[in-house]
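Working notes for the structure below.
A note on names: the letters A, B, ... follow the listed sequences, proteins ahead of strands, and every chain is numbered from 1.
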Amino acid sequence: MSEELSKRYEPATIEQRLYAFWEKREFFKPLLDAERPKFSIVIPPPNITGRLHIGHALVNTLQDILVRWKRMSGFNTLWLPGTDHASIATQLIVDRELTKQGISRFDLGREKFIEKVWEWRESYGNQIIDQLKRLGASADWSRLRFTLDEGLSRAVRHVFVTLYEDGLIYRGIAMVNWCPSCRTAISDVEVEFDERASKLYHIDYPLAGSDRVLTIATTRPETMLGDTALAVHPDDERYKDVIGREAILPIANRRIPIVADSILVDPEFGTGVVKVTPAHDKNDYEAGKRNNLPQLQVIDESGKMTVAAGKEFAGLDRLDARKKVVSMLGDTGALRDVKDYSHSVGFHEKCGTTIEPLISRQWFVKIEPLATPAINAVRDGTIRILPQLWEATYFNWMENIHDWPISRQLWWGHRLPVFYCANDHMTVATDAPTSCPQCGSTEMTQETDVLDTWFSSGLWPFSTMGWPDDTPDLSIFYPTDVLITGFDIIFFWVARMIMFGLRFTGKAPFSTVFLNGLVRDEFGQKMSKVKGNVIDPIDVIDEFGADAVRFTLAILASGRDIPLAKSRMQGYAAFANKIWNASRFAMMHIDTTLSSAKAIDRDCLSTVERWILSRLNETTRTVNRTLSDFRYDEASNAIYQFFWHEFCDWYIEMVKPVLLGRHGTEADQQRAKRVLLEVLDRSLRLLHPFMPFITEEIWLKLGGVEPSIMVAPYPVAEEPLEDAEAERMVRAVQAMITSVRNARAERGFTPKDRFKLYVRGEGRDAAFFDTYAYLLIDLARLTEVIVNGEPPAGAQHDVVEGFAIAIEFPEKVVTKEQLERTERELEKSRKELESLDAKLVNEQFVRNAPPAIVQGAQARQAELRSRIEKLLQNQ
RNA sequence: AGGCCCUUAGCUCAGUUGGUUAGAGCGCUACCUUGACACGGUAGAGGUCAGCGGUUCGAGUCCGCUAGGGCCUACCA
């Protein structure tokens, strides 16, 4: 048959053509058929701002492997793709673009700015989708969703209104994490802490009406302008007498009360006196509420000092104000000491700005009623989180969860469905009211705040399927089966989907969460532009092919961090080339197509054929089992080992004598061709989820019944193919061949030199060695094999897999290396035998160990004894 | 501060409930242009499984301690 294949596999020439073929034939699309077993999965929507990075490549490779495996295994499979509008990230990017052009978003105004963002999204927002296609992702692009789509926006409004009506969304004034650069509130999970070198300033506060001073310590002296109290511990003997008195706040010269607070103050820390700034510190805020202290805001939304901080500070940036305060304190002698200090500082994860705790009016989700069912769902096994150790992290966070601030003072995103009339009456409704239900005013304005991006992505598994409508997609594909994502968004996203899913659909949105590790560089370092160790997936796809990249990611992914090295990808590119050439070899000989080939008569197979089918069957079993456990590493490794080291290294070599007509009958040859086709076909199908492109390219040439390998059935293990006896005998042949090659190399013979081999075997085994002597002759390059003959003196003896063999060399050339080697082997065998002997005379061992272990030890003991005896003859 | 994890070949890592001789990829050495493949083949070197102690007939695997490294969460005046 067969067209010519090029000598080397060239991924670039086939990948895009095959992907276009799959898309055109709509193989990615599931059926709207509720009767068939389904498998569904939703993509973690990448941000529209994103370019594909290696983390996306990983998570989407893992999803695609699962999806292709399930699809081939007969499931009606949906992989639903989409993108996230990424409120802050996108706004930041477009903002920066505008800044480059010398425009501020405030010049444009909200509406014009949002138009710009949509334009930006049209141009760049789907780049990442095209990149996912390069990877081979078999998602159903006809269902592509975007979190700001009308349908998804409707779901968002519906959820907001429902939660509001249920009393689970409220508006309130509270201290939040504020980003002075983005000028918005953010949630706790969006704050990243980093240990920073800083200073601890010790400042004297005079006690009013006395000469005494109270020394406090602070890392943020500028906030003292907003101090409204000092606090000490009520049981601290040193300060019992000052409780209730007043201190004089330096610089501002205000009198502030001294209060007792056992929660805020740790008497062991510092001087035991704490300044209290209720408007600018979380703990002080709480302490202020406990002690009825006024809140004095001295820093504004942009991080600048307010008028309340004093005339000379108003308008200064908080850091400049700090310098000024320190300098003034120094001048007045109130600055007692400055110490180097290291403490953790919160930064906005998106822009890196230092977070400023501020009191502001925000919208919150009351989280406890949502969290409790979400905790239970994981506890009772409705949802399982893998690797399981993440469950503890999930519980820990969920059990200490705080209300979720969901409003953001941004422009790009879902505007809250909250409307105010001219008389400031508030209406919460999914559709904009034309007039105020309370006063009839027709001057309605919508809340300017938008929702946290994660509010909409929290609805992703069902909003993408048309919820809140009752759609076929929802009834067939929801809840989904598996969620694959990075552990870094377990709180941002996974927890919120579970909470929302349970609340609004009554069902867990997925039954399994698989959290993949972080891709690092080959030395285990995080990839970062600064370090310059970033691997761009598109670059490596260009260099090694998508299949090699995917295979590398899969074989390294066991749930933990992945140290990715280019050398690794190079290795699997070589594997792809190996597959290509093994197939090339096979196709040079195969003369039927898969669809026209006759069924294999399993009753008249050769031992070698039964062996390779048995090995392939075992591999098939392993791959299916490990994939269902998300052990991508074991699955891909099993195929790799089988294909390269059993199929290529041994089977193809063993079948060559028959295939090339050096041995056997015409019928043997025909059968060999048929089995070769069978093994290649099954191997390719087994491998397809991991390496979709190369397997498709080759498989199409084999002429199967199905139009594509991706819709051909996935192999499953079949018990009749297991053949322990064939495996035992071929193992023996392999060991004999290895032994001969080894001895040849040791004695300094070339591969061209041929020898006589003596093999000892009984009954059926002897008959086997007679029949398959040609294998030994061909692969070990022998002149002949003598079964149960008497080897001449000077032959080299060995015992492998329980069979005694001897090699007759042309003359007795015993090299020093060889003697040393024999000595080493003897030493090893003796040592092992020694420990085995000790074990077997130990009654405890014989009594307590399982019989199989004891029998194994005895068998090994016998083998070692005979091996030692034979090795001694070589000296 | 609390919790979790890691330490196995030169490098990066597997090693499932304790059980024969601890594996892989890359790298390294020697030989081989054998009619699928030099992105190849064959053979080989390389490990006191971080250290110490314990449980057990038996420990890389279980327990404790020590040392080093990483991650997460919360607070740090």
Side-chain angles (χ1 to χ4, degrees), chain A residues 5 7-9 188 193 200-201 216-220 231 264-266 269-277 281-284 341-344 389-390 392-393 396-397 400 487-488 490-491 518 520 522-524 544 548 552 555-556 558 560-568 570-589 626 629 631 633-634 637 640-641 648-649 652-653 656 660 737-738 741-746 748 750-752 781 821 828-829 831-832 835-836 839 842-850 852-861 864:
Chain A
L5 289 187
K7 203 167 165 183
R8 267 191 171 199
Y9 172 54
D188 287 349
F193 285 92
L200 190 60
Y201 301 89
I216 60 92
T218 181
T219 53
R220 299 199 56 194
L264 181 68
V265 186
D266 171 8
F269 189 95
T271 59
V273 188
V274 182
K275 67 192 269 304
V276 188
T277 322
D281 180 278
K282 249 182 196 174
N283 293 313
D284 293 5
Y341 191 66
S342 171
H343 69 132
S344 67
L389 59 95
W390 286 106
T393 307
N396 184 47
W397 190 73
N400 297 295
F487 61 80
D488 50 328
I490 184 169
F491 306 135
L518 195 70
R520 297 168 177 277
E522 57 190 305
F523 306 109
F544 303 111
T552 309
I555 208 163
L556 292 175
S558 54
R560 40 178 298 145
D561 288 353
I562 295 167
L564 189 63
K566 277 199 178 186
S567 62
R568 212 63 206 237
Q570 205 162 14
Y572 298 117
F575 180 47
N577 192 58
K578 189 77 181 175
I579 295 163
W580 187 256
N581 277 291
S583 306
R584 198 158 76 94
F585 170 81
M587 286 193 280
M588 284 172 181
H589 299 95
T626 53
D629 290 337
R631 289 305 301 259
D633 55 334
E634 288 189 36
N637 195 46
Y640 180 93
Q641 291 302 327
C648 292
D649 287 354
I652 287 184
E653 295 308 318
K656 271 178 184 175
L660 302 175
I737 291 167
T738 300
R741 285 169 174 171
N742 181 331
R744 169 185 279 115
E746 287 295 333
T750 73
K752 290 197 171 86
R781 291 184 168 261
R821 179 174 168 82
K828 237 171 89 181
S829 295
K831 250 181 144 171
E832 197 192 330
S835 81
L836 218 50
K839 219 177 202 178
N842 183 342
E843 274 178 47
Q844 301 265 41
F845 172 73
V846 180
R847 203 169 51 231
N848 293 324
I853 297 295
V854 178
Q855 279 162 24
Q858 285 163 342
R860 181 68 184 161
Q861 186 186 40
L864 284 168

TODO: Look at the rings of A/F575 and A/Y572 and say which category their plane angle falls in: under 30° parallel, 30 to 60° tilted, over 60° perpendicular.
DONE: perpendicular
TODO: Compare the minimum distances between each of B/U33, B/C5, B/C72 and the side chain of A/F491, then state the nucleotide with the smallest one.
DONE: B/C72
Task: Contacts of type salt bridge (charged side-chain N to carboxylate O under 4.0 Å, His left out), residue A/K656, not counting sequence neighbours - done: A/E653
Open item on the list: Test of understanding: with side chain to side chain contact (heavy atoms under 4.5 Å, CB included), list the residues that count as partners of A/Q570, not counting sequence neighbours.
Closed with: A/F544
- [ ] State whether A/K656 places a side-chain N or O below 4.0 Å from either non-bridging phosphate oxygen (OP1 or OP2) of B/A36.
- [x] yes
Task: Annotated protein contacts, base or backbone, on nucleotides 6-22 of chain B with a non-hydrogen cut-off under 4.0 Å, one of B, S, - each - done: S-----BSSS---BBB-
Open item on the list: Using OP1 and OP2 only, check whether a side-chain N or O of A/K578 sits under 4.0 Å from B/C37.
Closed with: no
TODO: List in chain and number order the residues that pass salt bridge (charged side-chain N to carboxylate O under 4.0 Å, His left out) with A/D633, two or more places apart in sequence or in another chain; answer none if no residue qualifies.
DONE: A/R631
- [ ] Return yes if some donor-acceptor pair links the side-chain N/O of A/R520 with the main-chain N/O of A/L564 below 3.5 Å, else return no.
- [x] no
TODO: Grab the stems for RNA chain B, please: at least three consecutive Watson-Crick or wobble pairs, both distances below 3.5 Å, written as range with range.
DONE: B:1-7 with B:67-73, B:10-13 with B:23-26, B:28-32 with B:40-44, B:50-54 with B:62-66
Open item on the list: So which atom in A/C648 and which in A/K578 form the shortest heavy-atom distance, rounded to 0.1 Å?
Closed with: CB-CE, 3.7 Å
Task: Partners meeting side chain to side chain donor-acceptor pair (under 3.5 Å) with A/Q855 (sequence neighbours left out) - done: none
Task: Minimum-distance nucleotide (side-chain atoms of A/E653 versus B/A36, B/G44, B/U42) - done: B/A36
- [ ] Compare every heavy atom of A/L836 with every heavy atom of A/Q861, then report the nearest pair and how far apart it is.
- [x] N-CD2, 3.6 Å
